[in-house]
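A quick write-up on the structure given underneath.
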Amino acid sequence: MQMIREIHHDMLTLPDGTQLAYRAWLPVNAESVPVPAILEFLPYRKNDGTIIRDEITMAQTAAHGYACVRVDLRGCGESEGFMTDEYSQQELQDGYDVIDWLTKQPWCDGNVGMVGISWGGFNALQVAAMNPPALKAIITQCSTDDRYRDDIHFSGGCLLNDNMDWAAFFWAYAQARSPDPALIGEKWKSVWLDRLQAMPFLAKPWLAEQTRSDYWKHGSVCENYDDIKVPVYAMSGWADGYRNTVFTLLENLSVPCKGLVGPWAHKYPNIAYPNPKVDYVSESVRWWDHWLKGNDNGMMDEPALHYYLQESVRPQTDYECRPGEWMSEPGWPSSDIRPHAFYLGKHGLSESLNEHVTSYAVCSPETVGLDGGRFCVGIRLDMEHPGDQRIDDAGSLVFDSEVLEDDFAIVGQVMAKLALVSDSPSANVIVRVSDVHPDGQVTKISHGILNLTHRNSHEFPEALNPGEIYEVEVPVNHIAYTVPKGHKLRIAISTAYWPLIWPSADNATLTILPKDSVIEIPRKSSFSTANPLKAYDQPVTFAGKTLRPSDSKRVTHRDYKTGLVTLETYEDFGRQYYNSCHTEIDFKIGQEMRIHPDDPLSAENEIDLTVEMGRDGWWTKIHSHYHMTCDHEYFYIKARWEAFHEGMLIFEKDFDEKINRNYM
């Protein structure tokens, strides 16, 4: 291990003259003995945004002989310029140019790796596809290779409510916060005001681009996997919304690729929940040593995929730990996994087709999904995992297997092949896979969603012809979970899944035709537990304090006069002091999501965020409020942005948008 030094704040200059702010952790002798550099490129403010994980992970990695560099995107933190959108071509070009800048530093030996989670995982893939000469390998975590298929905006062609949440959160938490006057001096306020005036209302294009258009193809490396010519290590967690990407990258990349999936939510594996964590730094250093230093450490002789096979658990909305065991696969797809066919029989799931069952009809209450959990258990609010599924199942078609005589290990992607008829031109279908305990409790394992107007293409949707039979495939998100003997497997089919997705404009009834339907569940019967991953059971601490989940409050209530059901969530992260930048930050979120069980057009999503930040002599506040409703033809968004300095309002802007629903 080497002694390190930290560059708390500095600026690098891009070819167009724009300066980006960076922070770095370097071995103390790096200028005399240059080392490889590892870049993370994010909008989330290097000094008071990602600093908790950076001071843990980057410092530890630098001690192994690497220059770890955290750069804020153009227009974020103390970086100059303006941000225009997620993953803009300018952002990707900046990433390319930052890599070139790194090679010219006296402490860099010319070899560069790129790492990131979520946004940084996205642009690591996207910049890799541009092939900067010095980039030798990447680690991408909780990311996507297809921005339409697997992101916070759409799923299965359905609009995710997280799309609006993300627009409100991103503006308040990343885009709109003030530069730090201690770092850039007296010009901070003019820079801040110019930035506020220039900020685009990102909720509008994210909502208006409802099909897999060029807007979403940009930055989707699945358009041509062969553009990526450097080795890729893809990581995620079963509680994360981006786990499918690990498997699609393993299946499609032509370069060396490894995969790792734990039980975690949207976090680095060494600071993630649920437990068990793994020693991410040791694992990543082995990767970097192989590809950036040329050490033949045997890493690429190991299995291509390590994943955590979760054991059965009781349903609960938050977990400290998930029981299970680490497993390995030499490659993906695995030759040891076979599809096990189940049919929708008269008495439940059947392993043989029953020709005598003609049809089942379902028109779910719009409130089905209230116990479904969030798309992305990201910032670790409490109560984000799925709860007991029995109430949601009551509004769904439910098919149970017989009591299992042997353990049934599901590893991979369940595929629901359904023959169905709709009575309306638009409809959604949701398929859930669950574990039914002997006492009747039901644990959700995974789900799949499909907007049926997207049945043939996410790019060219087509209205349904009422009464016509369609054969569709609904892919369920990848999972590894063992349903034990004595339990039952359950398939539940619904037409609604609120509040995860915005409801279809039509209150459709679907008729499922079991004679031409089958559920294919990937079953694995033999396992390899060879696993080099090191457990990491150290508590996550910052500023001497052990970090714990925040105190979120979530309440569902029904207005018996109007029939509306409201899900209220309030989250107060408390005022936190960041010693590294002598700054206090106070972050609060309030949200109400309303819908009538019988009326998809009653849907409302209202979210309010406040971020206060500063110190004596400099105190700022950002406030954003978003409210979304709909009718059969349009989405309506009303939003307000406000910025305050020392309690005085210095910026305000209102938005009132009407956006055509098209095939939503």
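- Between E80 and T18, the side chains place no donor N or O within less than 3.5 Å of an acceptor N or O (distance only, hydrogens not considered).
- Here the side chain of W192 pairs no donor or acceptor atom with the backbone of K187 at under 3.5 angstrom.
- Between D10 and K46, no side-chain nitrogen of the basic residue sits less than 4.0 Å from a carboxylate oxygen of the acidic one, so the salt-bridge criterion is not met.
- Minimum interatomic distance between I117 and L42 (heavy atoms only, all atoms of both residues): O-CD2, 4.4 Å.
- Summarising the geometry, atom CH2 belonging to W119 is positioned 13.0 Å from atom CD belonging to E40; distances are rounded to the nearest 0.5 Å.
- Ion pairing between D162 and R374 holds under the 4.0 Å rule for side-chain N and carboxylate O.
- Between R286 and D289, no side-chain nitrogen of the basic residue sits less than 4.0 Å from a carboxylate oxygen of the acidic one, so the salt-bridge criterion is not met.
- Here the side chain of N123 pairs a donor or acceptor atom with the backbone of F41 at under 3.5 angstrom.
- A cation-pi contact, defined as under 6.0 Å to the ring centre and within 45° of the axis, links R177 to Y173.
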- prompt: Are D151 and T144 close enough, and set up right, to give a side-chain hydrogen bond (donor to acceptor under 3.5 Å, both in side chains), and what steps lead you there?
  reply: CA-CA 7 Å; D151 197 5; T144 188; over 6 Å; no
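- Annotation for M1: atom CE counts as buried by contact number, over 12 foreign heavy atoms lying within 6.0 Å.
- Panel note: side chain S328, backbone P303; no donor-acceptor pair is recorded below 3.5 Å.
- Looking only at atom types and distance, the side chain of W206 has a donor-acceptor partner in the side chain of D85 under 3.5 Å away.
- Rounding to the nearest 0.5 angstrom, the gap separating the OH atom in Y87 from the CG atom in L125 is 10.5 Å.
- Donor-acceptor pairing under 3.5 Å is lacking for the side chains of T583 and D48.
- The closest side-chain heavy-atom distance from V230 to V255 is not below 4.5 Å.
- Residues S446 and H478 bring no donor and acceptor atom of their side chains to less than 3.5 Å of each other.
- Residues I4 and A59 come closest through the heavy atom pair CD1-O, 3.6 Å.
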query: Can you list the steps and then say if W288 with H64 is a ring-ring contact (aromatic ring centres under 6.0 Å, His included)?
result: CA-CA 10 Å; W288 300 129; H64 288 272; over 10 Å; no
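- Here the side chain of D279 pairs a donor or acceptor atom with the backbone of S282 at under 3.5 angstrom.
- Aromatic ring pairs are classed by plane angle as parallel below 30°, tilted from 30° to 60° and perpendicular above 60°; the pair F169 and W166 is parallel.
- A donor-acceptor contact shorter than 3.5 Å links the side chain of Q210 to the backbone of L207.
- The pair R70-D72 counts as a salt bridge, with a side-chain nitrogen and a carboxylate oxygen less than 4.0 angstrom apart.
- A distance-only check finds a donor-acceptor pair linking the side chain of T245 to the backbone of S143 [under 3.5 Å].
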Pair L249-Y225, side-chain contact (heavy atoms from CB on, under 4.5 Å): steps then yes or no: CA-CA 8 Å; L249 290 175; Y225 286 106; 4.0 Å; yes
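- Side-chain contact annotation: N47 with H8, donor-acceptor N/O pair under 3.5 Å present.
- Without hydrogens or angle criteria, Q126 side chain to G219 main chain gives a donor-acceptor distance under 3.5 Å.
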query: Can you list the steps and then say if W264 with W238 is a ring-ring contact (aromatic ring centres under 6.0 Å, His included)?
result: CA-CA 6 Å; W264 319 298; W238 298 127; 9.7 Å; no
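- Judged by the 6.0 Å distance and 45° axis criteria, K293 is positioned over the aromatic ring of Y66.
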- request: Take Y242 and F122, measure what ring-ring contact (aromatic ring centres under 6.0 Å, His included) needs, and give me the verdict at the end.
  value: CA-CA 11 Å; Y242 295 98; F122 281 44; 5.6 Å; yes
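- In terms of heavy atoms, A62 sits closest to P27 at O-CG, 3.6 Å.
- Side-chain contact of H153 with E86: a donor-acceptor pair under 3.5 Å is present, judged by distance alone.
- A side-chain donor-acceptor contact under 3.5 Å links W216 to the backbone of E209.
- Nearest approach of K277 to A272, heavy atoms of both residues: CE-O, 3.2 Å.
- One N or O on the side chain of R147 and one on the backbone of Y215 form a donor-acceptor pair closer than 3.5 Å.
- Closest approach of G65 and Q2 over heavy atoms only: CA-NE2, 3.4 Å.
- With respect to the salt-bridge test (charged N to carboxylate O, under 4.0 angstrom), the residues D146 and R212 qualify.
- Across every non-hydrogen atom of W291 and K136, the tightest pair is O-CB, 3.9 Å.
- In this structure, I99 and V127 have side chains that are in contact, with non-hydrogen atoms separated by less than 4.5 Å.
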Stepwise side-chain contact (heavy atoms from CB on, under 4.5 Å) check, M235 with Y280: CA-CA 10 Å; M235 303 179 181; Y280 164 76; 3.8 Å; yes
- request: Dump the intermediate steps for salt bridge (charged side-chain N to carboxylate O under 4.0 Å, His left out) on D16 and R74, then the final yes or no.
  value: CA-CA 12 Å; D16 68 357; R74 181 185 294 245; 2.9 Å; yes
task: Take Q413 and N477 through the side-chain contact (heavy atoms from CB on, under 4.5 Å) test and state the conclusion after the steps.
output: CA-CA 6 Å; Q413 186 169 53; N477 294 316; 5.6 Å; no
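- A donor-acceptor pair shorter than 3.5 Å can be found between the side chains of T248 and D145.
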message: Assess the residue pair Y626 and F201 against the criterion (ring-ring contact (aromatic ring centres under 6.0 Å, His included)); give the C-alpha distance rounded to whole Å, side-chain angles, the decisive distance to 0.1 Å, and a yes or no.
response: CA-CA 11 Å; Y626 286 63; F201 186 55; 5.8 Å; yes
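- Between the side chains of Y148 and E459, not a single donor N or O lies within less than 3.5 Å of an accepting N or O.
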task: Determine, stepwise, if the pair Y268 / V115 fulfils side-chain contact (heavy atoms from CB on, under 4.5 Å).
output: CA-CA 11 Å; Y268 270 74; V115 66; 4.0 Å; yes
task: Go through the steps for Y22 and H9 under the test side-chain hydrogen bond (donor to acceptor under 3.5 Å, both in side chains), then give the verdict.
output: CA-CA 6 Å; Y22 75 92; H9 170 78; over 6 Å; no
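- Atom CG of L12 and atom OG of S79 lie 7.5 Å apart (nearest 0.5 Å).
- The closest donor-acceptor contact from the side chain of H458 to the backbone of T211 lies at 3.5 Å or more, if one exists at all.
- Taking CD of Q89 as the reference point, atom NE2 of H218 lies at 5.5 Å (rounded to 0.5 Å).
- Between E78 and R23 there is no salt bridge, since none of the side-chain N atoms of the basic residue sits less than 4.0 Å from a carboxylate O of the acidic one.
- Taking a cutoff of 4.0 Å between a charged side-chain nitrogen and a carboxylate oxygen, E31 and R5 qualify as a salt bridge.
- Checking E329 against S334 by side-chain atom types alone, a donor-acceptor pair falls below 3.5 Å.
- With rounding to the nearest 0.5 Å, the separation of OG1 in T57 from CD1 in I271 is 5.5 Å.
- Within the model, atoms OG1 of T103 and CG of D109 stand 10.5 Å from one another, a figure rounded to the nearest 0.5 Å.
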